[in-house]
Colleague: 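The structure follows.
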Amino acid sequence: WRFRYDWQTFHKFEGPRTATVKAPLEKIPIYFRGGRIVPTKERARRNSLVMKNDPYTLYVVLDAGKGASGSIYLDDGESMNRFVFHINNDQVRFHTWRPHCYARGWADYFFATYTPADTRLNGLLTLLYCCCAVTICSKLKRVEFSFAKMVLSAQIVRDTGFEAANVIERIVIVGLGSTEQLSAMSAVSVTGGQKRALSLVVSGANRDVLIVRKPDVPIAREWEIKFN
């Protein structure tokens with residue numbers, strides 16, 4: 001790995017190396033990996049049901065080449081599709097109960113973070129295999145995010161007709177440039193052919209984090225944000 005960033009302070013660690021960090025009771029050491037885009041929901045709620053329509057925050061943590069990618073899997077949380085799978089020499093074969101089930105799309109998302117050789121994944125798959133079947137939602141959508149050449153974009157790669165009302169209310173970009181460079185930047189969103197100028201704020205302890213305020217782009221549709 002090359003870069004790691006503290007989840008809260010965005011302090012950068014360059015590697016590969018071993019770092020010793022403090023872990024007091026009030027803070028869990030969690031780090032972003034450079035080159036990743038991470039969507040989160042940050043409004044405190046009593047349960048996940050009331051969070052259903054909450055807006056998202058998108059963390060864009062750039063690598064040394066000023067690029068990043070990530071994805072999000074969305075579903076209605078109600079509809080169901082059932083499929084079974086078999087494990088053979090680290091290969092997973094899915095057999096759907098419906099011929100048009102998008103189980104493969106779910107599998108693509110499932111393997112986005114881990115590889116079959118990962119022992120944690122093997123343990124989870126073994127657990128699921130012992131249960132013989134998995135139930136997933138039939139109404140789903142998978143969206144991939146990417147940041148390259150100063151353009152942040154969202155592309156739908158799997159869709160079974162699911163629509164979500166959620167929007168992205170904040171975008172946090174880490175590793176884009178210096179305070180002077182960020183202060184001189186502007187951004188425009190393009191959604192469905194409609195353009196809109198966006199509000200930018202420079203933040204962070206070292207004034208090196210760029211925040212896009214209220215972009216209000218839909219989480220479940222395709223869009224672009226261009227930075228200049």
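Every heavy atom of this structure was used, including side-chain atoms; hydrogens, water molecules and symmetry mates were not.
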Colleague: Tell me whether Arg17 contacts the main-chain N or O of Glu14 through its side chain, where contact means a donor paired with an acceptor under 3.5 Å.
Modeller: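 Side chain of Arg17 to backbone of Glu14: a pair is present.
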Colleague: Does one hydrophobic cluster hold both Met150 and Ile37, with members joined at side-chain heavy-atom distances below 4.5 Å?
Modeller: yes
Colleague: Can a donor-acceptor pair be found, under 3.5 Å and without considering hydrogens, that links the side chain of Gln194 to the backbone of Thr191?
Modeller: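 No: the side chain of Gln194 does not pair with the backbone of Thr191.
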Colleague: Applying the salt bridge (charged side-chain N to carboxylate O under 4.0 Å, His left out) test to Asp6, which of Lys12, Arg33, Lys27 qualifies?
Modeller: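 Result for salt bridge (charged side-chain N to carboxylate O under 4.0 Å, His left out) with Asp6: Lys27.
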Colleague: If Ile, Leu, Val, Met, Phe, Trp and Tyr residues are connected whenever their side-chain heavy atoms lie under 4.5 Å apart, and connections chain through other members, are Val167 and Leu58 in the same group?
Modeller: no
Colleague: Donor-acceptor pair, distance only, cut-off 3.5 Å: does the side chain of Trp223 make one with the backbone of Ser189?
Modeller: no
Colleague: Does the ring centre of Tyr31 sit less than 6.0 Å away from the ring centre of Phe13?
Modeller: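 Between Phe13 and Tyr31, the centre distance is under 6.0 Å.
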Colleague: Examine Tyr56 and Leu198 and state if one hydrophobic cluster contains both, with Ile, Leu, Val, Met, Phe, Trp and Tyr joined whenever side-chain heavy atoms are less than 4.5 Å apart.
Modeller: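 Tyr56 clusters together with Leu198.
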Colleague: With Val60, which of Ile173, Leu176, Val212 fulfils side chain to side chain contact (heavy atoms under 4.5 Å, CB included)?
Modeller: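 That would be Ile173; it is the only one of Ile173, Leu176, Val212 passing the side chain to side chain contact (heavy atoms under 4.5 Å, CB included) with Val60.
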Colleague: For the residue pair Ser153 and Ser146, confirm or rule out a side-chain donor-acceptor distance under 3.5 Å.
Modeller: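 The criterion, which ignores hydrogens and geometry beyond distance, is satisfied for Ser146 and Ser153.
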Colleague: Look at the side chain of Asn166 and the backbone N and O of Lys52, then say whether any donor-acceptor pair between them is shorter than 3.5 Å.
Modeller: yes
Colleague: Distance to the ring centre below 6.0 angstrom and angle to the axis at most 45 degrees; does that hold for Lys141 and Tyr73?
Modeller: no
Colleague: Any idea which heavy atoms bring Asp208 and Leu182 closest together, and the distance?
Modeller: C-CD1, 3.4 Å
Colleague: Report the residues that fulfil side-chain hydrogen bond (donor to acceptor under 3.5 Å, both in side chains) with Lys66, sequence neighbours left out, ordered by chain and then residue number.
Modeller: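 None.
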Colleague: Verify the cluster assignment for Leu200 and Val202: are they in a single hydrophobic cluster under the rule of side-chain heavy atoms below 4.5 Å apart?
Modeller: yes
Colleague: Counting heavy atoms not belonging to Arg213, are there more than 12 under 6.0 Å from its CZ?
Modeller: no
Colleague: Indicate yes or no: does Glu169 engage Arg43 in a salt bridge with an N to O separation below 4.0 Å.
Modeller: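 Looking at Arg43 together with Glu169, the answer is yes, because their closest N to O distance falls below 4.0 Å.
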Colleague: The criterion is ring pair (Phe, Tyr, Trp, His ring centres under 6.0 Å); which residues satisfy it with Trp7, sequence neighbours excluded?
Modeller: Phe32, Tyr59
Colleague: Donor-acceptor pair, distance only, cut-off 3.5 Å: does the side chain of Thr40 make one with the backbone of Glu42?
Modeller: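 A pair under 3.5 Å: no.
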Colleague: Give a yes or no on whether Lys41 atom NZ has more than 12 heavy-atom contacts from other residues, nucleotides or ligands under 6.0 Å away.
Modeller: yes
Colleague: Find out if a path of hydrophobic residues (ILVMFWY) with successive side-chain heavy-atom gaps under 4.5 Å connects Val217 to Ile156.
Modeller: yes
Colleague: Verify, without hydrogens or angle tests, whether Arg221 (side chain) and Ala154 (backbone) share a donor-acceptor contact under 3.5 angstrom.
Modeller: no
